[in-house]
Structures are given as C-alpha cells and as structure tokens.
Amino acid sequence: MFKNLLGYFSHDLSIDLGTANTLIFVRGEGIVLDEPSVVAIREEYGSGGRRVEAVGQDAKNMLGRTPGNITAIRPLKDGVIADFTVTEKMLQTFIKKVHGNRFFTPPSRVLICVPYGSTQVERRAIQESAEGAGASKVILIAEPMAAAIGAGMPVHEARGSMVLDIGGGTSEVAVISLNGIVYAASVRVGGDRFDEAITNYVRRNYGILIGEATAERIKHEIGSAYPGTEVREISVKGRNLSEGVPRSFTLNSNEILEALQEPLQGIVGAVKEALEQTPPELGADVAERGIVLTGGGAMLRDLDKLLMEETGLPVVIADDPLTCVARGGGRALELMDEYGPSVFGLN
Amino acid sequence: MTDDATQDAAADAAEAEPALGAWLREGRESAGLGVEAVAAALHLDPGVITALESDDFSALGAPVFVKGHLRALAGHVGLDVDEAMQRYADTVGDSGAEPPELVVQYQQPIRRNRVAPLLTLLAVLAVVAALVAAFLLWPRGMETPAATAASTTESTTEPAVERSEASTPGTGAESASATTDFASRLAEARERASQTATEPATTAPEPVTATPASSVVSKTAGLQIRFTAECWFEVRDAEGRRLATGPAPQGDSRRLDGPRPVTVTLGVADAATLILDGEAVSIPASARRGRSARLTLR
C-alpha cells in the first residue's frame with residue numbers, strides 16, 4: 001500500500017550504463033545527465049580506507065594524471081561491471097545529481113540497459129548495484145532493443161529492423177520484429193578498442209607511447225572507417241620509448257584508418273554473421289530499409305560507408321546516436337507502465 | 001481576404017524555393033548523375049531515390065530511414081546535408097518527423113484499478129488526520145477531570161502517607177500496636193490537608209471541606225500490609241500511580257492510602273496479611289499465580 005503511495009511521487013529513470021559514458025533520461029525532462037563512467041578513488045594513508053574523490057567528467061579529467069594516492073578507474077568493462085562497489089558509488093552519485101538538492105528524494109524506478117550478451121551473473125550485479133544506489137525497482141532491458149526504440153525504428157511492426165549499436169565496450173547487432181529480438185549478438189569491440197588500437201599503432205610505428213585521452217582525441221578528430229578523398233592530420237605529443245622524453249609528431253587519417261582495421265573488421269564480421277542468421281523474410285526487410293547505426297561509435301567518420309560497402313545494404317545513422325539507448329529506455333518505460341515489464345524487460 | 005493573402009505568400013515561397021524533392025532532383029542532375037547510378041552507389045533501390053525526389057516519404061517507412069536516405073543522397077550528389085535536413089523538417093513539420101508510436105499488438109494491457117490508489121491515499125490521509133486530532137485533543141480532554149481529582153486526592157492522601165510512613169516503626173511488635181492510633185492521626189491529617197486544599201480551590205465543583213471524613217475514606221482505600229516473611233510487593237492506586245514498591249523485611253508493616261480500587265502485587269502471597277479499612281482481606285485462589293498473587297481491592 002505504502003509502495004503504491006510512494007509511486008505517486010516516484011521518479012522514473014532510464015539509465016544507459018555504458019563503459020565510456022553514463023546517460024540518464026528522465027520521463028518528461030529528456031536527457032538530464034551525460035557523464036563519463038569514470039570514478040577517481042583516493043587511498044587514505046594510515047586508515048587504509050578508500051574514498052571517492054570525483055565522479056564523471058571531473059574524474060575523467062584526472063585519467064592518467066593522478067598522483068600516487070588517487071586512482072581514476074572505469075568501473076565498467078566491456079559493458080559489464082568490473083568493480084561492483086565503485087559502480088554502486090558512481091550510480092549513487094549520478095542519481096543524486098539528477099534529483100538535485102531536493103528535501104525529499106522519492107524512490108526511483110530505474111530502467112537499465114544491459115548488453116544482450118551479458119550473463120545472468122553480470123545482469124544480477126548491475127541490478128544489485130542499482131538497488132544499492134537507491135533504486136526502488138530495477139528493470140533491465142537489452143541494449144539493442146532500447147537503441148532501436150530510441151532511434152525511432154518501427155520495432156512493433158511485423159517487419160525486420162536491424163540495429164547496430166556501437167558503444168564504448170561492446171557492439172550489439174540485433175534484428176527486431178514485433179517488439180521482440182529475433183537475433184542478437186554482442187561483440188566486445190567498441191570505442192575503447194578503437195582507442196587501444198590507435199595507441200598500439202602509434203607505439204609500434206612511431207615508438208611513442210600516448211595516453212588514453214590522446215588516443216581518444218585522435219579518434220575524434222581524424223578517425224575514419226573508410227578511405228576518403230580528404231586526408232586530415234593531427235599533431236600530438238607522446239613519450240618516446242627509446243629516448244624517454246616527450247616528443248611531438250603528426251598522424252594522418254589514413255594511418256588511423258589502418259590502425260582501426262582490426263576492431264572494425266570485428267564489427268563488420270558481427271553484422272555479416274547477423275545477416276546470415278536472420279530468417280529470409282526479415283533479411284529482405286532489412287535489405288529494403290537498411291541497417292540503423294546508433295551509439296557513440298556510429299559517429300566514427302564513414303563507418304556507414306564501410307558497412308554499406310561490406311554488406312551491400314543501405315546503412316543509416318540515427319539522429320543523435322549517442323543518446324539513443326537512454327531515450328529508447330525512457331520510451332520503453334512508458335509502454336511497460338501499460339503492459340508490464342514483460343514487454344521488453346529481461347528480468 | 002486574410003486567407004487569400006496567406007495562400008499568396010505560400011505560393012510565393014513555393015516559387016522562390018523549390019520543394020525538397022525537386023531540389024534533390026536538380027542537385028542530382030546538376031551533378032550529372034542518373035537515378036540508377038545514385039541508387040547503385042548508395043546500395044538503395046532506385047524506387048527510394050524516386051520516392052525522395054517526388055516527396056513521397058510515406059513509402060520509405062519510419063522517419064529514421066527517410067532522414068538516413070536523404071542524408072546519404074544529399075551528401076552523394078554534393079548538396080548541403082544540413083540544408084536537406086532543414087528542408088525535410090519544413091516539409092513534413094514537427095509531427096512528420098516524430099518517431100512511430102510504440103504499439104503492443106498481441107498483449108493485453110495490465111488492468112489497473114485506478115480508484116484503489118486514490119482510496120489508499122485518502123485512507124492514509126484520514127489516519128494521519130485522526131492521529132493529529134488525537135494528539136491535539138487528548139491531553140485537554142483527559143487532564144481536566146483526572147487532574148482535579150489527582151490534585152485533591154494527592155493533597156489529602158500524601159501527607160497522611162508520609163506521616164504514616166514516618167511514624168511507622170521498623171520492627172514488627174511495636175508496629176502492630178502503633179497502627180491503632182494511625183487511623184485517628186490519619187483522619188486529623190486528612191482534615192488538615194483537605195482544609196488547605198479547599199481554601200484556594202474556590203472553583204472546585206465539590207468542596208472537600210463539606211465532605212465528612214467517612215466519605216473521604218469511602219473514596220480512598222486505607223490499606224495496611226503486614227509482612228510475616230520477607231516479600232516483594234507493589235501497590236498501585238486507581239490512576240496507576242505506584243504507592244509503594246520494593247522488598248519488605250519480615251515483620252514490616254506498611255500503611256498506604258490511595259484512590260480505589262487499589263492493585264496489590266505480592267511476590268510471596270503467604271508472606272503478607274492485607275487489612276483494608278480495618279478488615280482483613282483473604283487472598284482468593286483466583287488471584288494467586290504460583291507463589292505470587294495479584295489482586296484488586298475495591
């Protein structure tokens with residue numbers, strides 16, 4: 001009874017708990033939080049305790065620049081929880097941030113998008129972590145489903161729709177029809193693997209070590225998935241491994257294209273596999289309408305062209321691909337209100 | 001008149017700026033590309049290009065696909081993609097660019113009792129209101145009669161109890177003989193106390209001074225307990241106030257007065273003799289709980 005009463009004041013949140021970024025969507029308000037999934041932990045000398053120093057953007061600014069007693073970590077890896085306690089703290093901070101300085105913080109019903117390929121144990125960890133962060137009820141939904149809804153795909157139609165969501169840790173490809181997933185696969189390749197590939201390329205070819213933040217900047221500025229007519233360049237600094245001193249050097253977009261080949265082929269392989277496994281009727285629908293790209297990875301230059309050439313199918317990028325999953329979760333919550341969590345929910 | 005003017009303005013705008021489809025076709029033709037060539041490059045069906053160039057967006061499905069194909073076509077033929085998107089938004093308006101509504105075909109909506117939560121809310125509010133009302137009214141409603149009674153009885157009985165306790169010697173044989181003149185002293189004390197209580201209490205509904213000593217005795221119980229063995233005891237008056245408690249040694253005797261009925265609890269029932277208003281009281285079997293006893297004297 002009391003639960004019903006509190007429901008009047010509750011705040012429904014849809015959380016895209018991503019490896020790279022966490023986004024929170026509030027019904028009626030839109031995206032209210034978009035912060036990197038990074039937490040800085042301070043080791044207390046003497047007491048041996050650990051204390052959260054910063055969360056989100058503040059913590060990300062510390063990545064690779066912390067003193068000995070502070071560690072900036074990403075508590076999620078490959079779309080799932082790598083450090084339970086820190087994830088819980090991070091979610092707690094984000095949820096508190098969303099509620100602001102309210103006198104009365106209502107219990108929140110929270111929908112969290114999880115990778116389709118996550119195990120039951122991983123899902124349970126995410127659920128418990130959200131409950132520990134103050135959620136009164138936690139609903140889990142598959143990321144590709146949320147991404148498709150957020151992109152505005154007609155998921156309810158008796159027609160195949162293929163979505164490829166490229167996140168920070170994983171890429172999820174799914175074929176959806178009649179509000180259900182017909183086929184889905186998850187590969188542990190995403191934005192982080194792109195950064196890693198760039199770092200490795202630079203170390204191998206230039207003998208220079210660059211940090212995570214620099215690799216990400218290179219990807220954003222000159223990263224490309226398909227050879228273009230224009231060659232762009234960027235000047236970066238890193239530590240020369242043989243000399244041991246910082247050196248400046250220039251990279252061009254063709255080099256980055258070469259560096260990204262391996263992770264890109266992982267994604268292309270997953271899409272081709274999905275097309276092979278899709279029932280022919282739904283495959284024909286996908287061929288007619290095309291594949292929709294969502295997630296931060298979809299913003300990599302000419303990724304749609306690469307997929308178009310590799311699959312021979314039309315590929316379109318959703319509007320505001322970075323927020324598709326969180327927005328889709330919010331819309332799914334509305335439908336779950338009417339039909340119950342069994343419509344899209346995993347738990 | 002106004003309608004005509006609006007129509008004219010719309011016609012002028014249409015003349016000045018070709019429709020999206022026409023604009024796309026012009027762009028493609030000026031780039032020297034045929035429909036087939038563009039469709040092949042974008043891995044699209046030529047019908048999709050034709051539909052875009054004739055503003056027939058409904059044939060292309062949800063807006064996410066229309067916008068995607070439009071972006072690809074505009075980019076391929078060298079048109080400004082942002083302008084293409086702006087023209088599309090102008091053509092279809094806000095409602096046309098909305099994502100399709102989510103529908104569940106083969107599942108029944110959950111039947112929710114819309115009234116139950118409201119009733120719950122009302123019930124909780126009623127309980128809260130009742131609690132608040134009880135909190136505000138309780139002390140005043142209960143205190144007035146109880147407080148006056150308590151003040152009069154306290155003023156009349158307490159000095160007597162004190163005097164009786166003060167004058168009660170600690171040993172058994174002497175105390176037995178001493179208790180006989182207790183009654184007379186007690187009556188005097190009560191009279192004095194009732195006089196002092198009534199002098200300021202002019203508003204009291206029933207002046208105690210007018211009441212004879214016998215009627216005071218009838219309202220209060222004069223209880224004497226003699227202990228033949230060591231025993232724990234407790235005596236409470238009608239208002240639940242504890243008149244006396246604790247272990248009493250063998251041979252002890254206590255004289256207690258308080259408003260009736262008086263509740264007596266004895267640790268060892270056989271170790272005490274009760275005398276109420278001069279008459280011995282036997283402890284009935286129903287009042288006994290093993291060795292102990294608990295009885296109410298009216």
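To find a chain, count down the sequence lines: A is the first, B the second, and so on, and within it residues start at 1.
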Practice prompt. Kindly say whether A:D165 contributes a backbone atom to a donor-acceptor pair with the side chain of A:E143 at under 3.5 angstrom?
Written response: no
Worksheet item: Are B:D80 and B:R87 ion-paired here, with the side-chain N under 4.0 Å from a carboxylate O?
Response: no
Worksheet item: Can a donor-acceptor pair be found between the side chains of B:D82 and B:Q86 at a distance below 3.5 Å?
Response: no
Worksheet item: Got a sec, which residues hit side-chain hydrogen bond (donor to acceptor under 3.5 Å, both in side chains) with A:T323, two or more places apart in sequence or on another chain?
Response: A:D320, A:R327
Worksheet item: Between A:G160 and A:V175, which heavy-atom pair has the shortest distance, and what is it?
Response: CA-CG1, 4.5 Å
Item to complete: Sequence neighbours left out, what pairs pass side-chain hydrogen bond (donor to acceptor under 3.5 Å, both in side chains) with at least one residue falling in residues 221-230 of chain A?
Response: none
Discussion item. Heavy-atom cut-off 4.5 Å, strictly under: side chain, backbone, both or neither for B:A39 against chain A?
Written reply: neither
Worksheet entry | Residues which pass salt bridge (Lys or Arg N to Asp or Glu O under 4.0 Å) with A:R232, listed by chain and number, not counting sequence neighbours | none
Practice prompt. Spell out the residues in residues 305-317 of chain A that have some non-hydrogen atom less than 4.5 Å away from a non-hydrogen atom of chain B, in order of number; otherwise answer 'none'.
Written response: A:M308, A:E309, A:G312, A:L313, A:P314, A:V316, A:I317
Practice prompt. May I ask you to name which of B:V64, B:D45, B:L60 has the most heavy-atom pairs under 4.5 Å with chain A?
Written response: B:V64
